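Shown next, in structure tokens, is the structure this report addresses.
Predicted model only: the values in this text are computed from it and were never measured. Numbers restart at 1 for each chain; the letters A, B, ... are given by sequence-line order, proteins then strands.
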There are 2 protein chains.
Amino acid sequence: MQMKYDDSSDEAFEALREQIAEDYEGLSKRLKLIADFSLQDPSAIALNTAASLGEEIGVAPSALVRFAKHFGFSGFSEMQAIFRDHLQVSSTSYKERIHALAESGATRDTGEMTDRFIEAGIASLRDLQHSISPEHIETAAKLMADARIVHILAQKRTFTAATYLAYNLSRLDVPANLLDGLGGTLEQQMVTVSPEDTVVAISFNPSAGETVEAFERARDIGARTIVITDLARAPFIHADSWFQISEASVDGFRSLNATISLALILAIRAGTMCAEMNTENS
Amino acid sequence: MQMKYDDSSDEAFEALREQIAEDYEGLSKRLKLIADFSLQDPSAIALNTAASLGEEIGVAPSALVRFAKHFGFSGFSEMQAIFRDHLQVSSTSYKERIHALAESGATRDTGEMTDRFIEAGIASLRDLQHSISPEHIETAAKLMADARIVHILAQKRTFTAATYLAYNLSRLDVPANLLDGLGGTLEQQMVTVSPEDTVVAISFNPSAGETVEAFERARDIGARTIVITDLARAPFIHADSWFQISEASVDGFRSLNATISLALILAIRAGTMCAEMNTENS
DNA sequence: GTCAACATGAAATATTTATTCTAAAAATAA
DNA sequence: TTATTTTTAGAATAAATATTTCATGTTGAC
């Protein structure tokens with residue numbers, strides 16, 4: 001059971017695509033060119049003006065207007081809105097999606113709530129898929145694989161993700177240490193950090209002051225730093241490698257799906273790198 | 001290796017992001033609002049007009065122009081172009097990733113691996129959606145809401161999910177206690193369990209013997225029991241409420257997405273029940 | 001408190017962009 | 001071929017959008 005807003009905009013896009021394909025043979029020469037292009041590169045339709053699209057496709061701007069009108073829109077702009085919505089839904093902004101859901105107010109209905117959280121989780125994972133690059137992962141994994149010990153900074157909110165990263169790194173024989181500030185202060189735990197180490201900070205807004213301090217301390221010591229955050233800001237952007245992830249939140253509860261998935265992927269890549277290095281050396 | 005053109009436009013985007021994060025503290029109040037938004041939802045910047053963005057963020061359109069100028073652009077439009085390019089680039093590079101055409105060895109593997117894990121995570125969540133019933137959640141949530149304290153049994157593999165459940169219950173004023181077996185034995189920690197309590201066991205195959213013992217001990221004491229497991233069998237099927245979840249696994253690494261999502265949903269439902277009970281009683 | 005410097009939003013203006021219109025070019029049919 | 005219809009491109013117009021300006025509000029230093 002998906003939500004209405006999302007469904008409708010994405011359905012509109014799918015319906016349009018189908019209709020373009022269906023009407024294709026009945027279109028004039030220029031309109032066929034536009035149809036080809038719109039099916040092949042819909043995001044270009046969403047992101048450019050009629051004039052520049054016309055130039056790229058090789059037709060006049062007015063041809064695009066005629067194209068839109070052929071499919072029942074009032075003009076190019078109205079059709080373009082469908083393409084834009086699709087792009088927004090499929091890449092990042094589930095924010096509106098969640099927002100619209102929250103407004104339906106049926107928080108009481110457990111089944112509906114379940115759906116909302118699951119949809120939010122899926123949206124987070126889809127966003128992760130689009131927003132992280134293999135190069136970033138390689139860089140971060142290498143920092144971890146090369147480290148004497150990987151320390152993971154955990155504040156309350158992100159403690160769960162930190163335990164997961166630590167657990168998986170350990171399983172893969174990458175030395176990992178959780179700096180949880182438990183049974184004492186982070187300050188005390190930081191003495192184990194050396195310049196040969198890598199410190200991973202997982203920090204969600206609002207950041208715990210302790211995490212920020214510990215992160216800066218790690219940099220002072222000369223350790224490598226990796227940051228996973230939902231809002232890239234000083235001092236975290238000075239990290240050797242950083243990931244910005246946007247987790248969907250429902251009623252103030254932030255999903256953790258993207259964060260733990262990233263943690264798993266990083267751990268595995270670091271683990272395989274480490275294993276490769278060891279076999280080479282022996 | 002991507003095309004040069006794509007690289008450069010994406011670099012421009014990355015550079016801008018970094019500069020926004022770096023200059024953040026020096027920005028005025030409105031400009032900070034815009035900075036937050038632009039970092040969190042860049043595709044919205046790409047796809048909307050200055051006026052509509054202004055409304056969503058809560059600033060005047062001219063503030064967006066000022067924001068752009070602060071970062072050296074001639075105006076909003078010029079900055080928006082960076083965001084648009086990024087969106088176009090990232091969607092095409094994603095396409096390339098799927099088709100795995102022109103990427104070098106390790107990077108291609110990493111991209112592929114990332115996709116597999118994310119798809120596995122989504123599959124797990126979809127499965128969760130179909131396999132759990134609102135009635136089960138209601139039952140389990142009620143057991144937790146009625147409890148004096150909710151104890152959560154954590155073995156190594158599921159420690160992460162247990163911390164997440166404990167954290168969210170606490171946030172919602174449901175008394176929660178993590179039985180982690182740290183700094184001693186589970187046996188010792190179990191003395192705090194009373195017949196008015198509820199014990200949640202999260203157990204993946206192969207179950208740690210300690211968890212099984214602790215679970216049976218909890219039943220002997222007379223506490224209510226809830227089990228989250230990937231393989232329902234004795235003694236867990238004797239629990240007052242149990243959930244069977246199947247997490248997708250890639251290369252032997254099991255996703256945790258369904259488990260933590262279920263944990264979140266249960267915590268929230270228990271939290272709202274608890275809150276309702278308290279307002280009714282007072 | 002007073003002043004200066006800066007930040008802000010509303011409205012005026014400029015610019016870009018979409019849309020409509022029309023004459024001419026193709027395509028089609030006789 | 002010629003008459004008729006459809007398609008097209010470019011210019012004229014309309015609409016949307018960005019930008020500038022300026023009066024007013026805010027902040028911080030003295």
Side-chain angles (χ1 to χ4, degrees), chain A residues 12 16 19-20 22-38 41-88 93, chain B residues 12-13 16 19-20 22-38 41-88:
Chain A
L16 176 56
Q19 213 193 333
I20 291 171
E22 203 166 314
D23 292 13
Y24 188 84
E25 280 311 321
L27 296 175
S28 72
K29 204 160 64 175
R30 299 305 151 106
L31 263 41
K32 271 183 187 165
L33 285 175
I34 298 170
D36 283 342
F37 187 87
S38 69
D41 195 355
S43 63
I45 304 280
L47 292 163
N48 294 283
T49 66
S52 68
L53 286 169
E55 199 182 353
E56 190 168 345
I57 301 172
V59 302
S62 52
L64 284 148
V65 177
R66 270 184 284 125
F67 181 81
K69 289 194 167 177
H70 178 274
F71 291 102
F73 298 101
S74 71
F76 173 73
S77 301
E78 202 175 288
M79 183 185 75
Q80 191 181 37
I82 302 284
F83 284 84
R84 290 192 167 166
D85 284 352
H86 170 69
L87 201 58
Q88 206 149 17
S93 184
Chain B
F13 178 79
L16 175 57
Q19 212 193 333
I20 291 171
E22 204 164 319
D23 292 12
Y24 188 84
E25 280 311 319
L27 295 175
S28 72
K29 203 159 64 177
R30 298 306 149 105
L31 264 41
K32 272 183 187 164
L33 287 174
I34 299 170
D36 284 342
F37 186 88
S38 69
D41 197 353
S43 64
I45 304 280
L47 292 164
N48 294 282
T49 66
S52 67
L53 287 170
E55 200 180 352
E56 190 168 345
I57 301 172
V59 302
S62 52
L64 284 149
V65 177
R66 274 201 301 275
F67 181 81
K69 290 196 166 176
H70 178 275
F71 290 102
F73 298 100
S74 70
F76 174 73
S77 302
E78 201 175 291
M79 182 184 75
Q80 191 182 39
I82 302 285
F83 284 84
R84 290 194 166 164
D85 284 352
H86 169 69
L87 206 56
Q88 212 151 11

Expressed in angstrom and rounded to an integer, what is the separation of B/F67 atom CZ from C/dT8 atom P? 12 Å
Treating B/Q80 as the side-chain partner and B/T49 as the backbone partner, does any N or O pair qualify as donor plus acceptor under 3.5 Å? no
Could you give the distance from CG (B/N48) to CD (B/E56), rounded to the nearest 0.5 Å? 7.0 Å
Restricting both atoms to N or O, compile the protein contacts to nucleotides 5-8 of chain D shorter than 3.5 Å, with distance only.
| unit_1 | atom_1 | unit_2 | atom_2 | d |
| --- | --- | --- | --- | --- |
| D/dT8 | OP1 | A/R30 | N | 2.8 |
| D/dT8 | OP2 | A/S28 | OG | 2.6 |
| D/dT8 | OP2 | A/R66 | NH1 | 3.2 |

Anything under 30° is parallel, anything over 60° is perpendicular, the rest tilted; go ahead and classify B/F13 against B/H86. parallel
Are B/L33 and B/F67 side-chain neighbours, meaning at least one heavy-atom pair lies under 4.5 Å? no
Counting C-beta onward and ignoring hydrogens, is there a side-chain heavy-atom pair between A/F71 and A/L16 closer than 4.5 Å? yes
Min side-chain heavy-atom separation A/I34-A/R66 under 4.5 Å: no
Inter-residue atom distance B/K32.NZ - B/E25.CD, 0.5 Å rounding: 4.5 Å
Mind checking ring-ring contact (aromatic ring centres under 6.0 Å, His included) for A/F37 and listing every partner two or more places apart, or none if nothing turns up? none
Each nucleotide in nucleotides 15-20 of chain D should get exactly one letter: B, S or -. Can you fill that in based on protein heavy atoms under 4.0 Å? --SSSB
Take atom NZ of B/K32 and atom C1' of C/dA7, then tell me their distance rounded to the nearest Å. 13 Å
